[in-house]
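Below is one structure, written out as structure tokens; the observations come after it.
Side chains are part of it too, since the values below use all heavy atoms of this structure and drop only hydrogens, waters and symmetry mates. Position 1 is the first residue of the sequence, and the numbers go up from there. Being a predicted model, the structure only gives us computed values, none of them experimental.
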Amino acid sequence: MIYLIFTPDGFEQAKADILQDQADVWINDKVLTDPQQDQLTAASINFNILPDIANPKNEKSVLAALDYVEKNADKTEILVEYL
């Protein structure tokens with residue numbers, strides 16, 4: 001399972017599920033704090049920074065991020081933060 005996250009609030013809301021599911025995370029740059037990155041690393045959670053900042057309020061931006069993740073990830077089930 002993959003979580004596609006765009007905002008700090010989205011990460012906080014999904015964090016418990018991410019840890020429980022041992023899900024991969026694809027996320028906008030600068031969303032995770034250093035302690036959050038350390039927590040994910042300690043829990044053996046793979047996290048990847050999206051190459052371009054995705055605007056969660058712009059459908060085309062979200063779809064572009066989703067397309068990128070689909071092309072670059074092995075897992076197929078993706079949960080997307082949606083505003």
Side-chain angles (χ1 to χ4, degrees):
M1 179 174 296
I2 297 171
Y3 282 74
L4 179 54
I5 305 290
F6 305 115
T7 66
D9 287 341
F11 176 74
E12 281 303 315
Q13 291 175 9
K15 182 169 62 173
D17 291 331
I18 290 167
L19 293 169
Q20 179 180 338
D21 295 341
Q22 289 290 292
D24 289 352
V25 176
W26 287 76
I27 197 157
N28 272 338
D29 193 21
K30 308 226 189 280
V31 168
L32 295 175
T33 64
D34 288 340
Q36 288 169 328
Q37 290 181 20
D38 293 343
Q39 181 183 22
L40 293 177
T41 300
S44 298
I45 303 291
N46 294 322
F47 64 92
N48 302 281
I49 305 301
L50 294 167
D52 298 310
I53 300 293
N55 178 351
K57 295 180 180 180
N58 180 298
E59 185 175 354
K60 286 184 180 182
S61 182
V62 170
L63 291 174
L66 179 59
D67 183 57
Y68 181 83
V69 172
E70 287 176 331
K71 289 178 180 174
N72 291 283
D74 294 331
K75 298 176 181 177
T76 57
E77 186 176 354
I78 303 173
L79 295 174
V80 180
E81 176 186 2
Y82 189 74
L83 298 180

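- Side-chain contact between Ile2 and Val25 is absent, with no heavy-atom pair separated by less than 4.5 Å.
- Residues passing the side chain to side chain donor-acceptor pair (under 3.5 Å) test with Thr33 are Gln36, sequence neighbours excluded.
- The shortest side-chain heavy-atom distance between Phe47 and Trp26 does not fall under the 4.5 Å cut-off.
- The side-chain contact (heavy atoms from CB on, under 4.5 Å) test applied to Asn28 returns Phe6, Val31, Leu50, Ile53, Ala54, not counting sequence neighbours.
- Looking at residues two or more places apart in sequence or on another chain, you find a side-chain contact (heavy atoms from CB on, under 4.5 Å) between Asp9 and Thr7.
- At a threshold of 4.5 Å between non-hydrogen side-chain atoms, the residues Asn48 and Ile27 do not count as touching.
- With sequence neighbours excluded, the residues satisfying side-chain contact (heavy atoms from CB on, under 4.5 Å) with Asn58 are Asn55, Lys60, Ser61.
- Take Leu19 and apply the side-chain contact (heavy atoms from CB on, under 4.5 Å) test, not counting sequence neighbours, and it matches Lys15, Gln39, Leu40, Ala43, Ile45.
- Side chains of Ile78 and Leu66 form a contact here, defined as non-hydrogen atoms less than 4.5 Å apart.
- For the pair Asp67 (side chain) and Leu63 (backbone), a donor-acceptor distance under 3.5 Å is absent.
- With contacts defined as side-chain heavy-atom distances shorter than 4.5 Å, the pair Met1/Asp24 does not qualify.
- In this structure, the side chain to side chain donor-acceptor pair (under 3.5 Å) partners of Asp21, at least two apart in sequence or on a different chain, are Tyr3.
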